Amino acid sequence: MKSLRNSATPPRSIVSSLVYGFGVVVVLTFSACSGGDTQPPQEVVADPSAPVVIAPVVITEQTAVDTDDPAIWINRENPAQSLILGTDKGGSIFVFDLDGKIIPEKTFSGMGRANNIDVEYGFMLGGEATDIAVATDRNENTLRVFRLPELTPIDNGGIEAFEGEAPNLRRPMGIALYKRPADGAVFAVVSRKTGPSGAYLWQYLLEDNGSGQVTATKVREFGTFSDITATEDGVAELGEIESVAVDDALGYVYYSDELAGVRKYPADPDAPNANVELALFGTDGFAEQREGISIYTIDDGTGYILVSDQQGNAFRIFKREGEPGDPNDHQLVKAVRVSTNESDGSEVTSTTLDERFPSGLFVAMSDNQTFQFYSWDDIAGDDLMKAPNGVPPIQTP
């Protein structure tokens with residue numbers, strides 16, 4: 001299927017002919033050579049209950065080196081002109097249209113190692129509500145802040161992350177932005193390659209410095225880390241915390257303790273008991289690492305938390321609202337197989353973007369230098385709710 005890697009819109013019937021169980025594969029194999037004999041299709045029969053791999057609606061053009069994490073910016077005036085931002089570990093941020101085409105004039109290069117990225121709406125800059133993206137640069141130990149949709153840097157060349165820590169305890173990786181509904185304050189929650197349990201993540205308040213640039217002030221340290229190791233090729237490797245996601249509306253932050261589960265805390269650093277863990281879920285059923293987290297929101301407070309089962313090439317989906325009487329009991333409702341491979345980062349929106357994404361878009365990176373766009377209707381199937389919810393509101397203090 002290598003011929004599909006550079007195709008923006010692969011034939012869905014071809015990709016859908018791959019049927020995977022967890023460890024079981026059904027594949028129709030075709031072999032032909034010009035002018036020679038054509039081999040008949042060969043079918044390998046597998047468990048008929050095995051879940052079908054969901055085909056992407058769009059596969060992006062390839063980035064330069066190695067994709068890592070996507071974010072979605074929604075154009076409130078014209079959702080069909082929304083953008084997908086994607087980091088490339090070679091040191092760039094690529095911007096794609098909804099057809100998966102790279103927009104060259106929006107590409108930002110020159111970073112050391114671009115890891116994760118997130119978007120927030122209505123950050124107050126120069127007295128105006130401004131949409132921003134913030135990315136981590138692992139090699140330079142900085143946060144990079146950009147104005148959207150231009151992707152213009154507004155950070156005086158970068159904001160130091162984990163400042164004062166030993167060099168091996170800096171290296172920022174994951175990031176999620178939180179806008180506090182009460183006052184519109186915007187925060188960045190940042191994880192790192194290595195850190196101590198209880199202070200693995202730092203949270204920063206982002207502010208206008210008065211001259212059109214953004215500054216950051218640390219407001220808390222938090223985050224239990226399991227300190228679990230896994231053995232690969234006979235070598236023990238320590239797990240880490242990379243993926244972080246924030247639910248603005250409900251006020252929670254989630255992060256993947258890769259070899260243990262998904263941990264949940266209050267997002268507001270000033271909340272009572274802000275550093276007390278609320279939940280640990282997703283502790284079993286994963287092939288190995290838990291990675292990208294994304295939250296499909298429904299206006300009534302329900303929805304879904306999607307977590308990448310990286311080595312299983314699947315996403316495990318949990319209830320956003322928890323169970324009746326216990327909002328911190330996040331039960332698994334569904335696991336879906338997708339065509340991404342070793343997916344690290346992902347994002348989702350419930351906004352209607354165009355006719356291809358009537359109930360929202362789910363985007364995930366794949367290890368072939370691409371991002372893949374899925375219709376929420378295909379992810380949801382007959383099992384999950386579909387909820388177009390308009391566009392992100394602009395909240396001002």
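One is the number of the first residue; the rest follow in order along the sequence. Predicted model only: the values in this text are computed from it and were never measured.
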According to the interplanar angle, ranging from 0 to 90°, do the rings of Phe162 and Tyr204 count as parallel (below 30°), tilted (30 to 60°) or perpendicular (above 60°)? perpendicular

Do we see a donor-acceptor contact under 3.5 Å between the side chains of Glu240 and Thr194? no

Measuring from atom CG of Asp69 to atom CD1 of Ile175, what distance do you get when rounded to the nearest 0.5 angstrom? 10.0 Å

Taking the six-membered ring of Tyr252 as reference, does the cationic atom of Lys264 (NZ for Lys, CZ for Arg) lie under 6.0 Å from its centre and within 45° of its axis? yes

Run the side chain to side chain donor-acceptor pair (under 3.5 Å) test on Asp329 and Gln331 for me, step by step, so that the C-alpha distance in whole Å, both residues' side-chain angles and the decisive distance to 0.1 Å come before the verdict. CA-CA 6 Å; Asp329 181 9; Gln331 294 294 314; 2.6 Å; yes

To the nearest 0.5 Å, what is the distance between CG on Leu384 and OG on Ser359? 11.5 Å

Taking 4.0 angstrom as the limit, do Asp137 and Arg144 come out as a salt bridge? no

Nearest 0.5 Å, please: how far is OH in Tyr304 from OG1 in Thr297? 12.0 Å

Roughly how far apart are Lys179 NZ and Leu206 CG, rounded to 0.5 Å? 12.0 Å

Just checking, any donor-acceptor pair under 3.5 angstrom between side chains of Thr136 and Asn115? no

Point-to-point distance, once rounded to the nearest 0.5 Å, from CG of Leu306 to CZ of Arg316: 12.0 Å

Judged by atom type as modelled, is there a donor-acceptor pair below 3.5 Å linking the side chain of Asp208 to the main-chain atoms of Gly126? yes

Strictly below 4.0 Å, N to O, side chains only: are Arg263 and Glu277 in salt-bridge contact? yes

If only atom types and distance count, is the side chain of Asn141 paired as donor or acceptor with the main-chain N or O of Arg171 below 3.5 Å? yes

For Ser343 and Ser308 the tightest heavy-atom approach is O-OG, 2.7 Å

Report the residue from Trp376, Phe315, Phe373 that forms a ring pair (Phe, Tyr, Trp, His ring centres under 6.0 Å) with Phe362. Phe315

Within the 3.5 Å criterion, strictly below it, is a donor on Ser256 or Ser243 matched to an acceptor on the partner's side chain? no

Between the side chains of Ser82 and Asn75, is a donor N or O closer than 3.5 angstrom to an acceptor N or O? no

Checking side chain to side chain donor-acceptor pair (under 3.5 Å) for the pair Tyr374/Ser339: CA distance, chi angles, key distance, verdict? CA-CA 10 Å; Tyr374 297 83; Ser339 67; 3.2 Å; yes

For Asp99, is there an ion pair with Lys101 - N to carboxylate O distance below 4.0 angstrom? no

What I want to check is whether the side chains of Asp68 and Thr87 have a donor and an acceptor closer together than 3.5 Å. no

Judged by atom type as modelled, is there a donor-acceptor pair below 3.5 Å linking the side chain of Lys193 to the main-chain atoms of Arg170? no

Do you know the tightest heavy-atom contact between Val246 and Leu177? CB-O, 3.6 Å

Ring centres under 6.0 angstrom apart (His330, Phe281): yes

Applying a strict under-4.5 Å side-chain criterion to I, L, V, M, F, W and Y, I'd like to know whether Val186 and Ile117 cluster together. no

With rounding to the nearest 0.5 angstrom, report the CG to CD distance, Asp367 to Gln310. 9.0 Å

Verify the distance criterion only: is there a donor paired with an acceptor across the side chains of Thr224 and Tyr265 at less than 3.5 Å? yes

Given salt bridge (Lys or Arg N to Asp or Glu O under 4.0 Å), test Arg320 with Asp247 step by step and report yes or no. CA-CA 9 Å; Arg320 175 194 183 206; Asp247 189 327; 2.6 Å; yes

Compare every heavy atom of Glu221 with every heavy atom of Asn275, then report the nearest pair and how far apart it is. ND2-O, 2.9 Å

Carefully, step by step, assess Phe108 and Phe146 under the rule ring-ring contact (aromatic ring centres under 6.0 Å, His included). CA-CA 10 Å; Phe108 183 84; Phe146 304 88; 4.8 Å; yes

